[in-house]
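Structure, as structure tokens:
Values reported hereafter were calculated over all heavy atoms of this structure, with side chains retained and with hydrogens, waters and symmetry mates removed. Letters A, B, ... mirror the listed sequences (proteins, then strands); counts begin at 1. Predicted model, so just to flag it, every value in this text is computed and none were measured.
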Amino acid sequence: MVLSVCFISTRLGLSLLGWREKIELFILPQKTEENLLAQLDRWGVKKDSFQEALPPFPAIVETIQAYFEGMRVTLSYPLALERFPLFTRRTFDAVARIPYGTTLTYKDIAKKIALPHASRAVGRALGRNPLPLFIPCHRVVGKYNLGGFSGYGLRYKILLLSLELSGSCPHSHCSL
DNA sequence: TGTACGGCACCGT
DNA sequence: ACGGTGCCGTACA
């Protein structure tokens, strides 16, 4: 079964939602279609392995758009995470509970899943998160610094955090 | 005292 | 072996 996708135009650019039964992939907004395709490639999605379709849930597109307008929205939708190992799922689960506009450290997450010394493994797991926003890994920071966001670049993490904190994105025209 | 940096332990994939 | 880390010791000011 091919991946169904829909493109979503947001204030920060073009993003993409991918699903089969449940939501599998979300690409953060990109300024150009070319960049979006590059991100798709990063997740191993080839050109002919997806088909465009109508959004899988009512209002999901509007909710995502509202997020990038600075609205305090909640994204609770069924996510396809079965393919991940248990530790990774537990990590995702703990991260999904972090409220909008707040942050926890990698260590905090490790403690929450009862493996207080696994903070580094938490970071590694989050590096594989295919569902930013739905699993808000940008809300997980290092104890002494912001930590990483290698897939989209640290600037993007800063952008999302400032969007949630101030309700606006100060440098949205130049931050990506 | 404060802080900046290096080294190493930790832990799942 | 490799990280989106944390912590402690040491070296300066």
Should A/Glu164 and A/Arg72 be marked as a salt bridge (charged side-chain N to carboxylate O under 4.0 Å, His left out) after you check the CA-CA gap, both sets of side-chain angles, and the distance that decides it? CA-CA 7 Å; A/Glu164 294 193 8; A/Arg72 187 186 190 101; over 6 Å; no

pair_partner(C/dA11), Watson-Crick or wobble, both distances < 3.5 Å, evaluates to B/dT3

Of B/dG12, B/dT13, C/dG6, the nucleotide closest to the side chain of A/Leu115 is B/dG12

In whole angstroms, the gap separating C1' of C/dC7 from NE2 of A/His117 amounts to 11 Å

Contacts of A/Arg124 and A/Gly142 projected onto DNA chain C by closest heavy atom; the upstream (5') one is A/Arg124

Of B/dG12, C/dC7, B/dA9, the nucleotide closest to the side chain of A/Arg120 is B/dA9

Closest to the side chain of A/Ala121, out of B/dT13, C/dG4, B/dC11, is B/dC11

Scanning all shown strands, the Watson-Crick or wobble mate of C/dT5 with both distances under 3.5 Å is B/dA9

Note to self: When you measure from the centre of the six-membered ring of A/Tyr152, is the NZ or CZ of A/Arg42 closer than 6.0 Å and no more than 45° off the axis?
What the structure shows: yes

Rounded to whole Å, CG of A/Asn129 lies from C1' of B/dT13 at a distance of 16 Å

To the nearest angstrom, the CG-P distance between A/Leu126 and C/dG6 comes to 12 Å

Atom CG of A/Leu86 and atom C1' of B/dG12 are separated, to the nearest Å, by 11 Å

dist A/Glu24:CD -> A/Leu131:CG (nearest 0.5 Å) comes out at 8.5 Å

Separation of C/dG4 atom P from A/Arg42 atom CZ, nearest Å, is 11 Å

Taking only N and O in the side chain of A/Thr88, is any of them less than 4.0 Å away from OP1 or OP2 of B/dT13?
yes

Side-chain N or O of A/Tyr144 less than 4.0 angstrom from OP1 or OP2 on C/dC7? yes

Report task. Take A/Val140 and A/Asp108, measure what side-chain contact (heavy atoms from CB on, under 4.5 Å) needs, and give me the verdict at the end. Result -> CA-CA 9 Å; A/Val140 186; A/Asp108 290 334; over 6 Å; no

In whole angstroms, the gap separating P of C/dT5 from CG of A/Asp108 amounts to 14 Å

